There are 2 protein chains.
Amino acid sequence: MPRSTPAPRTGRPRSAAADAAILAATREALVELGWSRLTLGDVALRAGVAKTTLYRRWPGKNELVVDAVAELFDELELPDRGSLAADIEGVVLRFAAILARPEARSGLMAVVAESTLDATLRERIRTSIVERQKRLVREGKARAQRRGELPPDPDPEAADRSVDLIFDVVAGAVVHRSLVSAGPVDEVWVRDLTALLLAGLGSGPAGR
Amino acid sequence: MPRSTPAPRTGRPRSAAADAAILAATREALVELGWSRLTLGDVALRAGVAKTTLYRRWPGKNELVVDAVAELFDELELPDRGSLAADIEGVVLRFAAILARPEARSGLMAVVAESTLDATLRERIRTSIVERQKRLVREGKARAQRRGELPPDPDPEAADRSVDLIFDVVAGAVVHRSLVSAGPVDEVWVRDLTALLLAGLGSGPAGR
DNA sequence: ATGGTTACGCTACGACTCGTAGCGAAAGCC
DNA sequence: GGCTTTCGCTACGAGTCGTAGCGTAACCAT
């Protein structure tokens with residue numbers, strides 16, 4: 001989904017294969033070069049298309065990288081493992097696996113950095129990535145409430161706030177752990193995180 | 001601290017004022033241009049020094065920005081407000097205030113993104129920023145344990161894991177909330193976050 | 001088929017930034 | 001005063017940027 005095309009009814013249609021090739025080439029370049037040394041000319045070369053074709057579809061490097069990275073997160077799913085704790089551990093491990101890939105690491109943080117001065121880009125990130133993955137939190141929460149592991153929400157407004165908060169805490173913690181602290185997101189860490197989320201600080205990381 | 005100078009005993013000494021001017025100019029340029037459009041030539045011009053002087057002190061843009069941003073977080077302190085919950089709320093609000101500044105937003109995320117392909121830069125970030133601010137968690141935790149709000153740690157190894165986890169969860173949540181989700185870190189959100197940290201998911205955001 | 005319309009590949013362009021080299025002058029220690 | 005290092009300045013080749021112009025290719029409507 002490069003951009004919202006007004007869908008012209010006539011003329012030569014845009015090649016869908018070119019889209020896929022460009023996004024794949026972008027991820028490949030992210031792995032080898034990182035964000036700063038990635039150039040659109042290089043991406044065009046890898047994808048086997050002309051540089052001008054690239055500029056016809058995306059406004060610039062930032063938007064291209066957002067679309068290339070967003071595809072990575074669409075494969076996320078919430079496995080039903082029978083309990084809230086197990087569900088959380090499962091999805092966090094999958095999320096961490098995606099974040100371990102270099103194209104996700106360098107691409108995601110770079111566009112977030114760029115979005116601080118570009119409201120349009122920020123909105124693109126929000127709709128393409130953030131809002132899209134909140135479905136995981138909603139699903140996991142509803143599942144836990146059906147199981148009786150979580151109390152029902154007092155009102156819809158509080159429910160929304162709860163979803164937003166959980167999403168920021170979980171996603172933020174995993175991102176910070178793997179990208180900033182540069183520590184492993186392994187089973188030990190995930191178990192500690194889940195314990196903290198479920199029971200709070202009082203229990204401590206060793207208690208379980 | 002541009003870099004570890006071997007401290008030559010002879011010759012003209014490096015101007016300390018130039019260091020400060022360069023770092024301040026870097027932050028100023030980050031505000032106006034963001035990371036990608038920031039050029040070292042422009043920073044040198046703003047700081048009133050020659051471009052060559054800049055290259056003599058820092059290897060490149062990444063290292064310069066790390067140092068410029070690291071200074072911002074040194075002003076963080078942990079106010080003693082009498083309870084663990086109040087302490088957390090206080091430091092989170094201060095942290096968010098720093099993250100609200102454009103020079104911190106764009107600079108921090110950009111260098112984190114760059115560090116994914118540069119182990120040296122990653123280490124520089126870890127020592128200059130991350131490890132330095134973990135003191136807040138250690139202090140807050142020790143204080144709460146003295147008050148009896150938190151149980152003592154079973155062993156030093158578990159204590160370290162606990163500090164790392166709390167730091168990633170708190171810092172990650174605040175960063176994710178303000179930079180990725182682009183939501184406000186206000187008193188309402190901080191209260192919900194603190195409640196989640198202390199009591200876990202069971203209580204919900206409305207319970208307090 | 002034929003003509004209309006749009007996408008495509010290709011080439012070329014001026015403007016800009018990069019990081020480095022070389023120079024003479026300035027600033028501090030012996 | 002003599003030595004050493006930093007400083008400001010200028011200049012340089014290399015590389016990237018985003019755009020314009022052109023002829024060709026692909027699809028739709030008649």
Side-chain angles (χ1 to χ4, degrees), chain A residues 1-26 29-30 32-65 110-111 114 117-118 120-121, chain B residues 1-26 28-30 32-65 106 110-111 114 117-118 120-121:
Chain A
M1 305 130 191
R3 50 173 310 209
S4 56
T5 47
R9 312 198 163 282
T10 176
R12 174 176 176 175
R14 288 191 170 173
S15 160
D19 267 6
I22 290 172
L23 291 176
T26 303
L30 276 175
E32 296 179 20
L33 305 172
W35 187 86
S36 63
R37 287 183 300 174
L38 178 149
T39 70
L40 293 200
D42 185 53
V43 170
L45 197 66
R46 291 171 190 262
V49 302
K51 194 171 61 163
T52 43
T53 297
L54 230 154
Y55 278 103
R56 281 188 196 103
R57 305 188 182 201
W58 283 275
K61 180 155 96 161
N62 291 332
E63 292 81 2
L64 173 62
V65 172
V111 294
E114 290 300 306
L117 279 182
D118 185 340
T120 306
L121 183 63
Chain B
M1 304 139 186
R3 49 174 310 208
S4 54
T5 49
R9 313 198 164 282
T10 174
R12 175 176 177 175
R14 288 191 171 173
S15 162
D19 267 6
I22 290 172
L23 291 176
T26 302
E28 187 185 311
L30 276 175
E32 296 179 22
L33 305 173
W35 188 85
S36 63
R37 288 183 299 173
L38 179 149
T39 71
L40 294 199
D42 184 53
V43 169
L45 196 66
R46 290 171 190 263
V49 303
K51 193 172 62 164
T52 43
T53 297
L54 229 155
Y55 277 102
R56 281 190 197 102
R57 305 188 181 201
W58 282 275
K61 180 154 97 160
N62 290 331
E63 292 80 3
L64 173 62
V65 171
S106 43
V111 293
E114 291 299 306
L117 279 181
D118 184 341
T120 308
L121 184 63

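Given the structure is predicted, the values throughout are model-derived calculations rather than measurements. Within every chain, numbering begins at 1; the chains are lettered A, B, ... in the order of the sequence lines, protein sequences first and strands thereafter.
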Inter-residue atom distance A/D42.CG - A/R37.CZ, 0.5 Å rounding
11.0 Å
Quick one: A/K61 NZ to D/dC17 P, roughly how many Å, whole number?
7 Å
Interatomic distance, NZ@B/K61 vs CG@B/L40, rounded to 0.5 Å, equals 7.0 Å
Could you state the atom-to-atom distance from OH of B/Y55 to C1' of D/dC9 in whole Å?
16 Å
Classify B/S15 by what it touches in the nucleic acid, base, sugar-phosphate, or nothing, heavy-atom distance under 4.0 Å.
sugar-phosphate
In Å and rounded to the nearest 0.5 Å, what is the CD to CG distance from B/E32 to A/L117?
10.0 Å
Between B/L38 and A/G48, the residue closer to the 5' end of DNA chain C by nearest nucleotide is A/G48
Roughly how many Å is it from CG in B/N62 to P in C/dC18, rounded to a whole number?
12 Å
Take atom CG of A/L54 and atom P of D/dC17, then tell me their distance rounded to the nearest Å.
11 Å
Would you mind telling me which of D/dT5, C/dG19, C/dA21 lies closest to the side-chain atoms of B/R12?
D/dT5
OP1 or OP2 of C/dT6 less than 4.0 angstrom from a side-chain nitrogen or oxygen of A/T10, does that happen here?
no
For atom CG of A/L64 and atom P of D/dG18, their distance in whole Å
11 Å
A/R14 CZ to C/dT5 P, straight-line distance once rounded to whole Å
18 Å
Of A/T52 and B/G41, whose closest DNA chain C nucleotide lies nearer the 5' terminus?
A/T52
Roughly how far apart are A/T26 OG1 and A/R46 CZ, rounded to 0.5 Å?
9.5 Å
What distance do B/I22 atom CD1 and B/W58 atom CH2 have between them, rounded to the nearest 0.5 Å?
4.5 Å
Separation of C/dG19 P from B/W58 CH2 (nearest whole Å)
15 Å
Please give, in whole Å, the distance from C/dC18 P to B/K51 NZ?
7 Å
Would you say the base of C/dA7 and the side-chain of A/R56 have a donor-acceptor pair closer than 3.5 Å?
no
